[in-house]
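Report on the following structure.
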Amino acid sequence: MTIRRNFLPDIRIHPVLMIFLVISFFTGTFMQLAVILGIVLFHEMGHYLTARLFGWRIGTIMLWVFGGVMDTDEHGNRPIREEALVTAAGPAQHLIIWLALTLLPVEAWFPPSVIEVIFYYNTVILLFNLLPIWPLDGGKLLFLGLSAFMPYKKAYHSVLLFSMTASVGLLLGQLLFYPFTLSAFFVMIFLFMENKTEWKQRYYVFIRFLLKRYEGNAPVRQVRPITVPSDSSLMEVFSRFMRDKKHPIYVTFPDRTRQAIDEADCLRGYFHERHYRHAIGELLSSRL
């Protein structure tokens, strides 16, 4: 029990994957599904080991067909570069599989038909995970790229809206232009529902991001001032916060005077002093 808790991830199976297990049993494709699960698990271990290397706090790994999700408390409060490395570590595992199949004498362990299946699904799973759809690795990398140039809230909302649109577009494309496959249908529906759920929880995700900054756990690589009108609500100010950046805030009053306030004071006013409905000008005036 101690070894499992300290060194091995808690791996769980998504209900969608259970459906595929049942389908594979009745359709005689259990070997293919076993190959897929092996590749997906190897993929997720790349994320897990890299995250452990950086000291991340990791909860569970949820496996589903053609991918998985590693639950962690670190999203949003780690450097963008570090999170990008953890995200890219999953796709990098597929390169290791290719090298192993090419350089090692795998013919001694597996028949050619199984090796061909491994080659095929290794490529399919890699390309699928690189799709720019949340929560796939491609979607996470897209989010990190947007986060480097726009506020966290805007980047997150943009990725979710794009992901839902892309999921529906791919689903319609499959129905209209390609032969129908039950697996692709379930996967696209699953991705859409995942993003719909994330969209419903977007306020909670943003509050968690702000709480990490309030607790002093957010990394800072650059200082970027922002200027806001004095009648801006604190939440409007927070919506301009970016990852890896600290924001001195300059408040412009109607008489065109400008006064500065630190972002930590704004966060303290919101979370500790509970000025939920106060404008930033009121908060600043109370500090003088």
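Not measured: the values here are computed from a predicted model.
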Is it true that a side-chain atom of [X] and a backbone atom of [Y] form a donor plus acceptor pair closer than 3.5 Å?
| X | Y | result |
| --- | --- | --- |
| Glu236 | Ser233 | yes |
| Ser147 | Phe143 | yes |
| Asn129 | Ile125 | yes |
| Arg202 | Trp199 | yes |
| Asn77 | Pro219 | no |
| Asp71 | Gly59 | no |

> Quick one: salt bridge (charged side-chain N to carboxylate O under 4.0 Å, His left out) partners of Asp231, sequence neighbours excluded?
Replying inline: none
> Is Ile118 close to Val114 at the side-chain level, that is, under 4.5 Å between some pair of heavy atoms?
Replying inline: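 Touching, per the 4.5 Å side-chain cut-off.
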> If we ignore angles and hydrogens, is there a donor and acceptor under 3.5 Å between the side chains of Arg274 and Tyr270?
Replying inline: no
> Do Asp137 and His43 have a side chain donor and acceptor closer than 3.5 Å?
Replying inline: yes
> Taking only residues two or more places apart in sequence, or in another chain, which ones meet Tyr214 in a side-chain contact (heavy atoms from CB on, under 4.5 Å)?
Replying inline: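 Once residues adjacent in sequence are excluded, the partners of Tyr214 under the side-chain contact (heavy atoms from CB on, under 4.5 Å) criterion are Leu211, Leu267, Arg268, Phe271, His272.
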>> Both conditions, 6.0 Å and 45 degrees, for the charged tip of Arg243 above the ring of Tyr152: are they met here?
In response: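 No; the conditions do not both hold, so Arg243 does not lie above the ring face of Tyr152.
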> Say you draw a straight line from NZ of Lys245 to CZ of Arg240; how long is it, rounded to the nearest 0.5 Å?
Replying inline: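 With rounding to 0.5 Å, NZ (Lys245) is 13.5 Å from CZ (Arg240).
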>> Is it the case that the ring center of Phe241 lies less than 6.0 angstrom away from the ring center of His247?
In response: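 Judged by ring-centre distance (under 6.0 Å), His247 and Phe241 do meet the cut-off.
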